[in-house]
2 protein chains.
Amino acid sequence: MRIGELAERTGASIRSIRYYEQQGLLASVRLANGYREYTSLAEEQVRTIQLYLQLGLTTEQIAGFLNCVLQSKEAFCENVLPVYERKLAEIDDQIRLLASIKSNLEDRVRSILEERRKSEDECKTCE
Amino acid sequence: MRIGELAERTGASIRSIRYYEQQGLLASVRLANGYREYTSLAEEQVRTIQLYLQLGLTTEQIAGFLNCVLQSKEAFCENVLPVYERKLAEIDDQIRLLASIKSNLEDRVRSILEERRKSEDECKTCE
DNA sequence: CTTGACCCTCACATTAATGTCATGGTTTAT
DNA sequence: ATAAACCATGACATTAATGTGAGGGTCAAG
């Protein structure tokens, strides 16, 4: 199939599919006219790429194990686990940071509401 | 004081201080030679900017209420609370997404370890 | 008068995947 | 043969704060 059909089937944009190829994630054979031609395997391959991208992995990380996982199970690809571990650590850091900012913001919101409540009370006293 | 001293005192880079000015967060008067001159108030102002940036607000958001909060309390600046609320909602979204990716990754790690354990067991059986 | 430490502006780089536009070749159907 | 639909490459834009470097004034101390 050609790139348009592959895009249609996978939901990836043509632009993205070309990008995956450029990043070494996806191969294509070129027809005499220069068009990319894909086998039906490409469809699953693009879906696999999308899956890993949704996990927040970079194309570079994916490139490190994609060929392996396309042929065997993740469990048999040595490169997968370290990437997952690193990503998990990174996510934990991000969550921690976000949680800390969140509680800071919540404190501030509480303070503001509290201060405003006090002001309102004063107004009532004034009346 | 000049920009170098302000940078030194606040820990902000000279580059950042100029950027804050460009974004309308910080004013300076220019000496005859073109140098920026700051009053001692600028120091607190930069610290305030840094504080809001650490909360993940953009310079644009900060610009929306900085003048107000420099003069009175946050509680009396109408523009603060909506920004905080929006930021909190955004953070919740991010945390939810990260948590979802995290549990997905954890499942995958578990699967891999499980599969490998099974393989090891088979090996023992083989011996 | 020269050196070194300041300061200035302008502009490009950074990240990473994707969108979008320009320009142009190919194919298919009418 | 021409229009419509497809494909190609290349390049710039996106986000937002900051780093960095070029090229060039200013000023104080020696």
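The structure displayed is predicted, hence computed values, not measured ones. Each chain gets a letter, A, B and so on, in the order the sequences are listed, and its residues count up from 1.
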Do A:Q45 side-chain atoms and A:L25 backbone N/O form a donor-acceptor pair below 3.5 Å?
-> yes
Flag if over 12 foreign heavy atoms under 6.0 Å of CD, B:E106 = yes
Which residues within residues 18-25 of chain B lie with some heavy atom under 4.0 Å of an atom in DNA chain D?
-> B:Y19, B:Y20
Residue pairs passing the disulfide (SG to SG under 2.5 Å) test with at least one member in residues 53-82 of chain B, sequence neighbours excluded, are B:C68-B:C77
Kindly state which residues belonging to residues 27-49 of chain B come within less than 4.0 angstrom of DNA chain C, counting heavy atoms of the residue only, listed by number.
-> B:R30, B:G34, B:Y35, B:R36
Contact residues, residues 52-63 of chain B to DNA chain C [heavy atom, < 4.0 Å] | none
Output field dot_bracket for DNA chain D (Watson-Crick or G-U, both distances under 3.5 Å, | for other-strand pairs) contains ||||||||||||||..||||||||||||||
How many Å lie between CZ on A:R2 and P on D:dA8, as a whole number?
-> 9 Å
Please figure out whether B:G4 or B:R15 has its closest DNA chain C nucleotide nearer the 5' end.
-> B:G4
Side-chain cluster (under 4.5 Å, hydrophobic types only) that A:L31 belongs to, other residues | A:Y35
Expressed in whole Å, how much space separates the P atoms belonging to D:dA11 and C:dA13?
-> 14 Å
Exceeds 12 heavy-atom contacts within 6.0 angstrom, atom CD of A:E8 = no
Contact list for residues 37-77 of chain B, test ring-ring contact (aromatic ring centres under 6.0 Å, His included), sequence neighbours left out | B:Y52-B:F65
Beyond-backbone contact of B:R30 with B:R36, side-chain heavy atoms, under 4.5 angstrom = yes
Test: B:E90 and B:K87 ion pair at under 4.0 Å | yes
With sequence neighbours left out, the residues meeting ring pair (Phe, Tyr, Trp, His ring centres under 6.0 Å) with B:Y19 are none
Enclosure of A:E37 CD (heavy-atom neighbours >12, cutoff 6.0 Å) | yes
Run the salt-bridge test on B:E74 and A:R108 with the 4.0 Å N-O cut-off and return the result as yes or no.
-> yes
Pairs flagged by disulfide (SG to SG under 2.5 Å) wherever residues 1-62 of chain A is involved - sequence neighbours left out = none
Which donor-acceptor pairs under 3.5 Å do the side chains of residues 53-62 of chain B make with protein atoms, sequence neighbours left out?
unit_1: B:T58; atom_1: OG1; unit_2: B:E60; atom_2: N; d: 3.4
unit_1: B:T58; atom_1: OG1; unit_2: B:Q61; atom_2: N; d: 3.1
unit_1: B:Q61; atom_1: OE1; unit_2: B:T58; atom_2: N; d: 3.0

Could you list the residues that satisfy salt bridge (Lys or Arg N to Asp or Glu O under 4.0 Å) with A:R9, not counting sequence neighbours?
-> A:E5, A:E43
Do A:K102 and B:D92 have side chains that get closer than 4.5 Å, going by heavy atoms?
-> yes
Segment of DNA chain C, first to last nucleotide, that comes within the 4.0 Å heavy-atom reach of chain A = C:dA17 to C:dT27
